[in-house]
There are 2 protein chains.
Amino acid sequence: MVKAMVFSHEIAPGQRVNIDALSLRLGVSQTPIREALARLESDGLIAKEPLKGYSATNLLTLKEFGDLFRFRLLIEPWAAEQAAKHIDAQGKAALKEEMQIAKEALKFDDNSKIEALTEHDARFHSLISHLSGNESLHQAFERMHCHLHLFRLFLANQRNLVSGEERPAFVSELFEQYYQSGSGQLAIKQHNEIYKAITGGDSKAAKQAMHDHIESSLKRFSPAAEAINDL
Amino acid sequence: MVKAMVFSHEIAPGQRVNIDALSLRLGVSQTPIREALARLESDGLIAKEPLKGYSATNLLTLKEFGDLFRFRLLIEPWAAEQAAKHIDAQGKAALKEEMQIAKEALKFDDNSKIEALTEHDARFHSLISHLSGNESLHQAFERMHCHLHLFRLFLANQRNLVSGEERPAFVSELFEQYYQSGSGQLAIKQHNEIYKAITGGDSKAAKQAMHDHIESSLKRFSPAAEAINDL
DNA sequence: AATGAGAAAATCCTATAGGATTAAAGCATA
DNA sequence: TATGCTTTAATCCTATAGGATTTTCTCATT
């Protein structure tokens, strides 16, 4: 559990992870480290090679990236549809609160804004998959989405590197495309459409809005996925 | 990994699992046991309560059972559709071989037949989710399906108890409904429909056949799910 | 200079022991 | 007889040490 944070980019993708070093660094013994690593292995976030050790999994390949979004298109519009059908007062409150957080986040400065919006997006979609009422779908979503989240955190992390460091040129271009062109506001706007449809009980609109949002999101991220794929 | 077999019903659902006992029983130390348990926890097959220990998760509740099938209806027909579109020679051979195994299994005597058909069903659906070409979907399927598989193994296991033992009356009834009424042959027949549609490249028919098959399967299992839910 | 063999270092894997927490059993008292 | 407390036992959790395998570095030979 604590290791999920460690993994969120203190260890570069593909890098081997040293158990002894981790245990010293975190001040705990090797056993709990191995447990956490085993859990992360089941989540597909690290890979284990017997007698060779653990290593962080690479970022999504271009194919995996496409697969993931195709899968989202399969389950999330349905989840939004179901959420609209079964929504109750408690669900409405939760959605409203999340939208409020997003609105506040738009006022932050660049770095904080990106981080906040990324976290908001993860929570928003997770919440809807939960509100679908289907536990199987929710679990599947959570396990799948962490890989996408990792990808986005990687992008944001790249940006935080000082310009002086050897930052690939494509990264700089990507930032303009994403973060400067008001895509944050666009995403929030689309979230708002979904939010209104769900709380309004309009299941058909909710399904459509979610579909459009994911397709839009795919278009925004595709150039980055291609660029990173070329490493 | 080895523990998945141990879990397949040497430990009753809901029962607490003793680490010391397992390490003695399997002749290995506690550390690898804890690793395996941590992995199984991520798979949702066992639950951990801090400072209290691990325990096997209960069987699917009626709601979870319904959720799972609704989720299958969401992803598997699409998987069959995609498999039909992308099928190649290697995929056809794999499907053909699996269907051949099923055909042979029908000749077994009752107990062996049930076991063989259960395993075939798991492999068949897993294979199609793989042939869909979508890695996200395949992974989601695998993680979800193990819970259903566990449920079916539980049923089959109950049957193997000698009649003399205290076996709930509903179980006896269920067996008639399922295994004596030729439902095994029905399932194989439906699998064959799917098989033909996919290898024939008829994506629309494959999607429809998979949909019908899962709905049929749900109807067959629902009484058992209800009965077990009432424990 | 390049390749191969050998040795040393690092790392993983397992086992055993001790401390801490929880559950249970036994006893006393109302 | 039932309830509450204390003691005992069981179990989990962590830490440390030793054996096994892999990797790397060095050195000698072609």
Side-chain angles (χ1 to χ4, degrees), chain A residues 1-59 61 139 142-143 146-147 150 154 157 166 231, chain B residues 1-59 61 139 142-143 146-147 150 154 157 166 231:
Chain A
M1 299 304 181
V2 193
K3 249 50 67 184
M5 298 180 60
V6 170
F7 182 70
S8 288
H9 288 114
E10 297 196 23
I11 299 170
Q15 180 178 330
R16 287 187 51 177
V17 70
N18 191 313
I19 297 181
D20 291 340
L22 265 184
S23 74
L24 261 73
R25 192 183 184 293
L26 297 180
V28 294
S29 182
Q30 293 185 358
T31 308
I33 302 282
R34 299 183 72 80
E35 282 187 39
L37 259 46
R39 268 190 292 268
L40 290 177
E41 188 200 0
S42 267
D43 293 339
L45 291 174
I46 67 171
K48 174 184 180 179
E49 292 177 87
L51 296 181
K52 296 189 90 178
Y54 293 91
S55 58
T57 51
N58 290 307
L59 284 182
T61 65
Q139 287 180 15
E142 292 291 349
R143 284 199 244 267
C146 63
H147 290 275
L150 202 64
F154 179 79
N157 195 36
E166 29 175 309
L231 185 58
Chain B
M1 298 306 181
V2 194
K3 250 48 69 183
M5 299 181 60
V6 170
F7 181 69
S8 288
H9 289 114
E10 295 195 21
I11 299 170
Q15 180 179 327
R16 288 188 48 179
V17 71
N18 190 313
I19 297 181
D20 291 340
L22 264 184
S23 74
L24 262 71
R25 193 183 182 296
L26 297 180
V28 293
S29 182
Q30 293 185 359
T31 308
I33 301 283
R34 300 184 68 82
E35 281 186 40
L37 260 44
R39 268 191 291 267
L40 290 176
E41 188 200 359
S42 268
D43 293 339
L45 291 174
I46 66 171
K48 174 182 181 177
E49 292 177 87
L51 297 183
K52 296 189 92 177
Y54 293 90
S55 58
T57 51
N58 290 307
L59 284 182
T61 66
Q139 287 180 14
E142 292 291 349
R143 283 199 247 267
C146 62
H147 290 276
L150 204 63
F154 179 79
N157 196 36
E166 31 176 307
L231 186 58

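Given the structure is predicted, the values throughout are model-derived calculations rather than measurements. Each chain gets a letter, A, B and so on, in the order the sequences are listed, and its residues count up from 1.
If you take CD of A:Gln30 and P of D:dA15, they are 10 Å apart, rounded to a whole angstrom. Taking atom CG on A:Leu37 and atom P on C:dT11, their separation rounds to 15 Å, with Å as the unit. Rounded to an integer number of Å, the gap from A:Ile19 CD1 to C:dT11 P is 11 Å. One interatomic measurement links the two molecules: CG of A:Asn18 to P of D:dT22, which rounds to 17 Å at whole-angstrom precision. One can place CG of A:Leu26 at 13 Å from P of D:dT14, the figure rounded to the nearest angstrom. When rounded to the nearest whole Å, the span between CD of B:Glu35 and C1' of C:dC12 equals 10 Å. Counting to the nearest Å, the P atom of C:dT11 and the CD1 atom of A:Ile33 are 15 Å from each other. Rounded to a whole Å, the CG atom of B:Leu22 is 12 Å from the P atom of D:dT11.
Pairing each heavy atom of A:Leu150 with each of A:Leu59, the nearest pair is O-CD2, 4.5 Å. Counting all heavy atoms, side chain and backbone alike, B:Ile46 lies closest to B:Leu37 at CD1-O, 3.2 Å.
One finds the CG atom of A:Asp43 at 10.5 Å from the CD atom of B:Gln139 (value rounded to the nearest 0.5 Å).
B:Arg16 contributes a side-chain N or O that, together with a main-chain N or O of B:Lys52, makes up a donor-acceptor pair within less than 3.5 Å.
A:Lys52 has a side-chain polar atom (N or O) that falls below the 4.0 Å cut-off from OP1 or OP2 of D:dT23. Close to C:dT14, at under 4.0 Å from its OP1 or OP2, lies no side-chain N or O of B:Ser29.
Side-chain proximity of A:Tyr54 to C:dA15, D:dC13, C:dC13: nearest is C:dC13. Closest to the A:Thr31 side chain, of the nucleotides C:dC13, D:dA15, D:dT11, is D:dA15. In this structure, of C:dT11, D:dA15, C:dC13, it is C:dT11 that holds the atom nearest to the side chain of A:Arg16.
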